[in-house]
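Below is one structure, written out as structure tokens; the observations come after it.
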Amino acid sequence: MSLALWLYSALTWAAQPLVRRKLRRRAVAEPGYGHAVGERFGRYARPIDSLIPQSSTDPLGRFVWIHAVSLGETRAAAILLAELRRQLPGMRLLLTHGTATGRAEGEKLLLPGDVQVWQPWDTPGTVRRFLRQFRPAIGILMETEVWPNLVAGCRQRGIPLVLANARFNEKSLRKSLRLAALARPAYGGLAAVWAQTDADAERLQAIGAPVQGVFGNLKFDVAPDAGQRARGRAWRAGSARPVVMLASSRDGEESMWLAALKHKSTPALNGKALEAINSEANRVDKPVQWLVVPRHPQRFAEVQQQLCSAGLTVSSRSQWADGPGPADVWLGDSLGEMVLYYSLADVALLGGSFAPLGGQNLIEAIACGCPVVLGPHTFNFAEAATLACEQGVAHRVEDIGQGVALACDLATDAPRLAVARDLAQEFMQQHRGAARLTAAAIAAMLGLAAAP
């Protein structure tokens with residue numbers, strides 16, 4: 001063990017009480033964080049060995065392990081998993097996560113014989129117990145998750161650990177180079193890396209990662225849930241006004257949005273909030289219906305209170321039966337229904353891109369035929385954002401005020417909106433294929449013949 005890894009391991013070991021305390025605090029707002037906390041430290045409530053024999057994908061009966069830390073990575077993992085199950089019939093899944101929303105989403109992916117646990121905290125002891133318990137045939141880390149002790153533990157046991165759908169921005173590269181004594185062995189210890197873009201590949205190679213292919217972004221292979229799409233479209237047909245969505249908004253962005261709507265407008269102060277919204281959007285003649293969907297579920301109640309305090313009436317998804325009720329703003333306070341919301345909306349303002357947070361996944365919106373308006377901050381999805389803007393399915397603005405005006409103009413211009421939807425279909429078709437390539441590379445690494 002190098003000095004850098006020894007110091008890192010000492011810090012992660014010493015931090016365990018702080019991690020437990022943080023989990024207790026987060027569990028107050030999100031009870032999922034209080035579930036099976038011992039798993040995070042390699043303590044499992046029941047024996048797993050009985051699940052291991054008789055796998056058809058490995059003569060030793062071992063798991064294919066996928067680690068998807070949070071909600072976005074879990075959705076990407078779902079796309080890859082569907083292709084893996086097609087190419088490797090009978091495979092058994094070990095699925096790990098770091099966040100409660102990721103774990104809740106991942107539970108939907110499990111079949112009989114699959115196992116889902118928390119990501120092991122990155123100490124040598126916890127990693128050792130995790131690997132000894134499950135003995136995976138291969139480990140697949142999604143997008144960005146590289147942990148030094150996890151890599152070292154897998155190498156010691158001869159378990160190939162790969163990074164799939166890998167993205168690596170300039171900020172991550174600068175941080176990794178500052179910690180090169182720790183980061184280079186971690187990235188260099190991976191068995192393979194499959195990058196989303198050429199730029200990601202170059203940055204990963206600069207830190208020593210064994211990049212073996214540039215396969216594109218798995219999220220282009222998404223197949224939106226047909227039931228959600230049908231319901232969203234039916235509800236959109238019932239709205240007399242075009243629907244504009246603030247999608248996956250992050251803390252502070254709702255305030256920015258409200259300020260943009262009310263800028264130089266006084267009616268909202270007199271209890272006429274809807275008139276203020278339409279006036280600020282310069283669409284008094286063609287008003288829009290606003291839909292706000294916060295990114296994090298622990299903020300649903302907070303955002304609703306903020307909207308009500310601004311003088312807006314709110315209809316929440318949790319109260320809908322046969323569709324949204326009349327209100328100034330519809331609030332999407334549910335998990336796992338982004339396809340429904342994008343299908344309900346005509347245009348989406350992308351959350352995380354107006355505050356300096358790097359943006360959210362815009363591909364899901366485009367796959368649902370919903371054009372996107374982006375703010376200036378999209379470094380988490382830089383390549384996809386640039387491509388989408390170049391091909392006319394996304395539009396970049398300097399601030400949320402411009403975004404509100406542009407989104408409302410587009411939503412109320414039927415011919416322009418129809419062209420944007422056609423372009424969205426073409427855009428998705430052009431960039432598909434990462435799931436097939438990644439699954440085939442995994443099968444080859446396992447020495448197995450993939451189904452055609």
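Residue numbers count from 1 along this sequence.
Applying the ring pair (Phe, Tyr, Trp, His ring centres under 6.0 Å) rule to Y342 yields no partners; only residues at least two apart in sequence or on another chain are considered. Applying the side-chain hydrogen bond (donor to acceptor under 3.5 Å, both in side chains) test to E105 and every residue at least two apart in sequence or in another chain returns K108. Residues that satisfy the side-chain hydrogen bond (donor to acceptor under 3.5 Å, both in side chains) test with S315, not counting sequence neighbours, are W320.
The pair R203-D198 fails the salt-bridge criterion, with no side-chain N (NZ, NE, NH1 or NH2) lying under 4.0 Å from an Asp/Glu carboxylate O. Between R299 and D251, at least one side-chain nitrogen of the basic residue sits less than 4.0 Å from a carboxylate oxygen of the acidic one, meeting the salt-bridge criterion. Between E143 and R167 there is a salt bridge, since at least one side-chain N of the basic residue sits less than 4.0 Å from a carboxylate O of the acidic one. Between E73 and K219, no side-chain nitrogen of the basic residue sits less than 4.0 Å from a carboxylate oxygen of the acidic one, so the salt-bridge criterion is not met.
Of all non-hydrogen atoms in Q402 and D399, the two that sit nearest each other are N-OD1, 2.8 Å. Contact record, L95 with G106: CD2-O, 3.5 Å, taken as the closest heavy-atom pair. Closest heavy-atom contact between P224 and V339: CB-CG1, 3.9 Å. Of all the heavy atoms in G332 and Y341, the pair that sits closest is CA-OH, 3.2 Å. Taking all atoms of both residues into account, the shortest heavy-atom contact from A209 to V193 is CB-CG2, 4.0 Å. Shortest non-hydrogen contact noted between G403 and V373 is CA-CG1, 3.8 Å.
For the atom pair CG of L331 and CD of Q304, the computed distance is 5.5 Å after rounding to the nearest 0.5 Å. For the atom pair L344 CG and C368 SG, the distance stands at 11.0 Å (nearest 0.5 Å). The CD1 atom of I159 lies 4.5 Å from the CG atom of L131; values are rounded to the nearest 0.5 Å. Between L437 atom CG and I442 atom CD1 the span is 11.0 Å, to the nearest 0.5 Å. A distance of 6.0 Å separates CG of L312 from CG of L258, quoted to the nearest 0.5 Å. Atom OG1 of T378 and atom CD of Q360 lie 11.5 Å apart (nearest 0.5 Å).
With Q87 contributing its side chain and R436 its backbone, the two residues share a donor-acceptor pair below 3.5 Å. Looking at S316, its side chain never comes within 3.5 Å of a backbone N or O of Q319 through a donor-acceptor pair. Without hydrogens or angle criteria, S353 side chain to L350 main chain gives a donor-acceptor distance under 3.5 Å. Using modelled atom types, one side-chain atom of E253 and one backbone atom of R250 make a donor-acceptor pair closer than 3.5 Å. Distance alone, capped at 3.5 Å, places no donor-acceptor pair between the Q305 side chain and the E302 backbone. In this structure a side-chain-to-backbone donor-acceptor pair under 3.5 Å is missing from S343 to R233. Within the 3.5 Å criterion, the main-chain N or O of A310 finds a donor-acceptor partner in the side chain of K262. For the pair D346 (side chain) and V243 (backbone), a donor-acceptor distance under 3.5 Å is present. Under a 3.5 Å cut-off, the side chain of D122 and the backbone N or O of L150 do form a donor-acceptor pair. At distances below 3.5 Å, not a single donor-acceptor pair connects side-chain atoms of N149 with backbone N or O atoms of S9.
Geometric assessment of R103 against the ring of W118 yields a positive cation-pi assignment under the 6.0 Å and 45° thresholds. For the pair R26 and Y33, the distance from NZ or CZ to the six-membered ring centre is under 6.0 Å and the angle to the ring normal is within 45 degrees.
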> Where do T96 and W65 land on the side chain to side chain donor-acceptor pair (under 3.5 Å) test, with the steps shown first?
Replying inline: CA-CA 8 Å; T96 59; W65 162 39; 3.0 Å; yes
> When you look at H395 and V397, which way does the side-chain contact (heavy atoms from CB on, under 4.5 Å) test go after all the steps?
Replying inline: CA-CA 7 Å; H395 308 273; V397 295; 5.7 Å; no
>> Between M428 and R432, is the side-chain contact (heavy atoms from CB on, under 4.5 Å) condition met? List the steps.
In response: CA-CA 6 Å; M428 292 298 296; R432 294 185 186 279; 4.0 Å; yes
> Does the pair H67 and M142 meet the rule for a side-chain contact (heavy atoms from CB on, under 4.5 Å), with working shown?
Replying inline: CA-CA 6 Å; H67 174 58; M142 297 301 300; over 6 Å; no
> Are S172 and F379 close enough, and set up right, to give a side-chain contact (heavy atoms from CB on, under 4.5 Å), and what steps lead you there?
Replying inline: CA-CA 11 Å; S172 297; F379 53 80; over 6 Å; no
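No more than 12 heavy atoms of other residues, nucleotides or ligands shown are found within 6.0 angstrom of CD on E107. No more than 12 heavy atoms of other residues, nucleotides or ligands shown are found within 6.0 angstrom of CZ on R155.
No hydrogens or angles considered: a donor-acceptor pair under 3.5 Å links the side chains of E254 and S249. For the residue pair S309/Q306, the side-chain donor-acceptor check at 3.5 Å is not satisfied.
Between F41 and F130, a ring centre-to-centre spacing not shorter than 6.0 Å is recorded.
Proximity of N380 to N169: side-chain heavy atoms (C-beta onward) are separated by under 4.5 Å at one or more points.
The ring-ring contact (aromatic ring centres under 6.0 Å, His included) test with F220 singles out one residue from F427, F215, F381, and that residue is F427.
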